[in-house]
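Encoded as structure tokens, the structure appears first; notes follow it.
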Amino acid sequence: MRDFSTDHHWLSLNTATVRKSEGVEQPLSVILDACARHGIRAISPWRDQVHAVGLDKIAAQVKALGLQLSGYCRGGFYPALDTKGLQDALIDTRRAIDEAKTLNAPCLVMVVGALPGALQGKALHKDIALSRAQVRDGIAASLEYANSVGMPLAIEPLHPMQAAERACVNTLEHALDLCDELDPAQTANGHVSLGVALDVYHTWWDPKLYGQIARAGKRILAFHACDWLTPTTDLLNDRGMMGDGVIEIPKIRQAVEAQGFAGFSEVEIFSSANWWKRSMDEVLQTCIERHKTAV
Ligand code: ZN
């Protein structure tokens, strides 16, 4: 396993981690400058943050600062009530693939979606099997386009607490089943074309985790780090700083790296009651320190 204790060479910042600082929404351009200031050499930005500033501007800034991407968030959200909704999701994911390409991302992170309407507050049906079938078909369609432009897709299984609103793919095993079904050859254009984004927050609890990491092999395209707090007070926005919770992060990283993963370790913390209230410099400094001691 790589030694992270002396520097933060392999730290990437998922830009949602400082999307707000001291409670105020921060432009991505400001976040990128802060990364450069702190010697953070990689990021994983969110589409809405990119759109708010402008794709071309962000692409130019990323280049000027010499930043790399560890991923691009996100495509997916396939399930819908009707054909038009399904079609719109494909078009939107196609756009996300193009943006990821413009930003030179190594993969597009796929949050696949779940029950239509649930995220907006009212599920329009309860048929999760239907949603899962739509997700499978959606990924298959997106993969065709992604392969044509050479952009790997990384399915991110989300914790089952998100199964209604955000993703009906909830375990690494389920994500890998989809990979095996839709991409049995494992490669296109010399790279893994369909793989997984492994987020410790979503997967740490799974009794099959280590077996499935071994099964994943080179399909692991991204590694996301934060911590699980006890108690957790919000299903989405109460993620902990590495070292403050109960996840065996180094143990998971060791298993991931044993499969040959040698990419960035991406810090991704949504924290409305704590870290989003602090200054950006304090959060980044803490991420850097904890990356050395708790990742
Ligand atoms: Zn993640």
Side-chain angles (χ1 to χ4, degrees), residues 10-19 31 40 42-50 69-77 93 96 100 103 105-114 119 135 139 152-163 165-176 178-179 194-206 209 212-213 216 219-229 232 234-242 244-249 252-253 255-256 261 263-272 275-276 283 287 290-291 294-295:
W10 290 107
L11 165 64
S12 171
L13 183 80
N14 184 297
T15 56
T17 304
V18 287
R19 123 182 328 271
I31 296 172
I40 293 171
I43 55 159
S44 182
W46 286 71
R47 291 183 75 199
D48 65 311
Q49 294 179 298
V50 170
L69 266 67
S70 58
Y72 187 51
C73 302
R74 56 180 162 58
F77 267 86
T93 294
L103 292 167
C107 61
L108 176 67
V109 173
M110 306 294 286
V111 174
V112 297
L119 189 59
V135 164
I139 294 173
L153 301 180
I155 303 169
E156 181 165 8
L158 298 198
H159 191 284
M161 69 179 170
Q162 297 290 351
E165 286 97 348
R166 286 182 175 77
C168 56
V169 173
N170 305 106
T171 61
L172 185 54
E173 182 176 34
H174 186 182
L176 290 170
L178 285 168
C179 291
L194 183 62
V196 295
L198 190 136
D199 189 324
V200 299
Y201 194 72
H202 294 301
T203 57
W204 71 276
W205 57 272
D206 185 349
L209 177 61
Q212 293 299 315
I213 288 174
R219 287 212 200 263
I220 300 168
L221 300 178
F223 178 75
H224 298 174
C226 67
D227 218 333
W228 184 279
L229 300 175
T232 290
D234 185 283
L235 295 189
L236 183 67
N237 292 324
D238 190 30
R239 290 181 174 219
M241 181 63 66
M242 298 79 73
D244 287 347
V246 298
I247 303 179
E248 297 172 295
I249 306 172
I252 299 174
R253 181 166 74 85
V256 164
F261 179 80
F264 287 98
S265 124
E266 179 181 319
V267 175
E268 183 184 35
I269 301 170
F270 315 144
S271 172
S272 51
W275 297 100
W276 285 348
V283 176
C287 289
R290 297 298 183 84
H291 195 260
V295 175

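Both counts, for ligands and for their atoms, begin at 1 and track the order of listing.
- A distance-only check finds no donor-acceptor pair linking the side chain of D238 to the backbone of T232 [under 3.5 Å].
- Around the Zn ion (ligand 1), the protein atoms of type N, O or S found under 2.8 Å away are E156 OE2, D199 OD2, H224 ND1, E268 OE1, listed by chain and number.
- Judged by distance alone, with hydrogens and angles left aside, the side-chain atoms of Q162 form a donor-acceptor pair with the main-chain N or O of L235 at under 3.5 Å.
- Separation of the H159 and W204 ring centroids does not fall under the 6.0 Å cut-off.
- Taking a cutoff of 4.0 Å between a charged side-chain nitrogen and a carboxylate oxygen, R239 and D234 do not qualify as a salt bridge.
- Side chain of W228 to backbone of D244: no donor-acceptor contact under 3.5 angstrom is found.
- In this structure, F261 has no ring pair (Phe, Tyr, Trp, His ring centres under 6.0 Å) partners at least two apart in sequence or on a different chain.
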